[in-house]
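Below is one structure, written out as structure tokens; the observations come after it.
Below, read A as the first sequence line, B as the second, and so on, with proteins coming before strands; counting in each chain starts at 1.
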There are 2 protein chains.
Amino acid sequence: MRIGELAERAGVSVRALRYYEEQELLASERSASGQRHYREDAVDRVQLIQMLYGAGLSSKTVAELLPCVDAKVNTPESRARLADERERINQQIIDLTRTRDRLDAVIELSQSPASGCTIVEEALYA
Amino acid sequence: MRIGELAERAGVSVRALRYYEEQELLASERSASGQRHYREDAVDRVQLIQMLYGAGLSSKTVAELLPCVDAKVNTPESRARLADERERINQQIIDLTRTRDRLDAVIELSQSPASGCTIVEEALYA
DNA sequence: CTTGCCTCTGACGTCAACGTCAGGTTCTAG
DNA sequence: CTAGAACCTGACGTTGACGTCAGAGGCAAG
């Protein structure tokens, strides 16, 4: 498929795909006229890249990780690298969970008419 | 306390604290000579700001949320706003969990000598 | 009183992941 | 064959959360 179709199917912009190639995250084959062509599994690859970006990884880190994911590289170092990033993500989940719980506490307070919030309510709806 | 002490105790830079004030996330009292002074609870406030930044909220969003957290504003809209952001964070946790699980699967594969990885291992250690 | 650290206000620099525009080529439908 | 959509390569623009530097004033210790 060409770049436009991949962009639509993977839910990213054409510009983003060219950027991924520039960062060596995503390869493409070129036709005689120079147009990029992708295989079906490129959709999956792009979505994985998006997942890793979403986890806060930089394109440099993703570039280092992807060969491990492809199992084209499998050394003690690459396994350690994968485990490292897994731990970072896990820690991020823990942090976010704490943030969510803190917001929950705030929401709880704002909904309880027994709290000091009632003063505000009275002021607003008196 | 002055800005340097707050920065150290909250684990952020002095520049960041001035930036927070500029964004109206953190107020300060000024001495006659113009120096900023903070109360003890500013440490907590800064850490909350950091948590929200860590959850991907912009300073604009944080600025809109903080009055609700302080329970200085309590309207149906502010409660909805809080619930919205809570949901965004919750969704982020779900996404991150999927990313972590995908990495776990990759790690599992790279550790199993029964997989195609053994070919790579042989190539590397033959 | 002066040395040295802390603080102040601008204001420009940075970095990543693209957005966007220019100017030109290529593919496809009719 | 031709219009219009899709594609190409530069290359400059954008945004947020600060970093960093300049120039000047403030404060505690000796």
Please answer whether the main-chain N or O of B:Thr61 pairs with a side-chain N or O of B:Arg81 as donor and acceptor at a distance below 3.5 Å.
no

Taking atom P of C:dA17 as reference, at what distance in whole Å does atom CD of A:Glu24 sit?
14 Å

B:Ser33 and B:Gln35: side-chain donor and acceptor closer than 3.5 Å?
no

Closest approach to the side chain of B:Ser13, judged atom by atom: which nucleotide of D:dG19, D:dA17, C:dC18 is it?
D:dG19

Starting at NZ of A:Lys60 and ending at C1' of C:dA16, how long is that distance when rounded to a whole Å?
13 Å

Roughly, in whole Å, what's the span from CG in B:Leu17 to C1' in C:dT9?
16 Å

Just the rounded figure in Å: distance from P of D:dC18 to CZ of B:Arg18.
14 Å

Compare side-chain N and O positions of B:Arg30 against OP1 and OP2 of C:dT9 and report whether any pair is under 4.0 Å apart.
yes

Can you tell me if B:Ser33 touches the phosphate of C:dT7, counting only side-chain N or O atoms and a distance under 4.0 Å to OP1 or OP2?
no

Length of the line joining B:Glu22:CD and D:dC18:C1', which is rounded to integer Å:
10 Å

Strictly below 4.0 Å: does B:Tyr20 bring a side-chain N or O up to OP1 or OP2 of D:dA17?
no

Between A:Leu26 (CG) and C:dC18 (C1'), how many Å, whole number?
15 Å

In whole angstroms, the gap separating C1' of C:dT7 from CD of B:Glu5 amounts to 14 Å

Can a donor-acceptor pair be found, under 3.5 Å and without considering hydrogens, that links the side chain of B:Arg39 to the backbone of B:Glu29?
no

Counting the atoms with a prime plus P, OP1 and OP2 as sugar-phosphate, which does A:Ser31 contact under 4.0 Å by heavy atoms, base, sugar-phosphate, or nothing?
nothing

So, does A:Arg36 get its side chain near the phosphate of D:dT9, meaning an N or O under 4.0 Å from OP1 or OP2?
yes

Less than 4.0 Å between a side-chain N and a carboxylate O, is that true for A:Arg18 and A:Glu21?
no

Determine: side-chain N/O of B:Ser58 to OP1/OP2 of D:dG16, distance under 4.0 Å, yes or no.
no

First encountered from the 5' end of DNA chain C, between A:Ala32 and B:Arg2:
B:Arg2

Find the distance B:Leu57:CG to D:dG16:P and express it as a whole number of Å.
14 Å

Would you say B:Tyr19 places a side-chain N or O within less than 4.0 Å of OP1 or OP2 belonging to D:dC18?
no

Any heavy-atom pair between the side chains of B:Asp84 and B:Glu87 that's under 4.5 Å?
no

Base C:dT20 paired with A:Arg15 side chain (donor-acceptor, <3.5 Å)
yes

Looking only at C:dC8, C:dC18, C:dT26, the nucleotide nearest the A:Gln35 side chain is C:dT26

Regarding the side chain of B:Ala16, the nearest nucleotide among C:dT7, C:dC27, D:dC18 is D:dC18

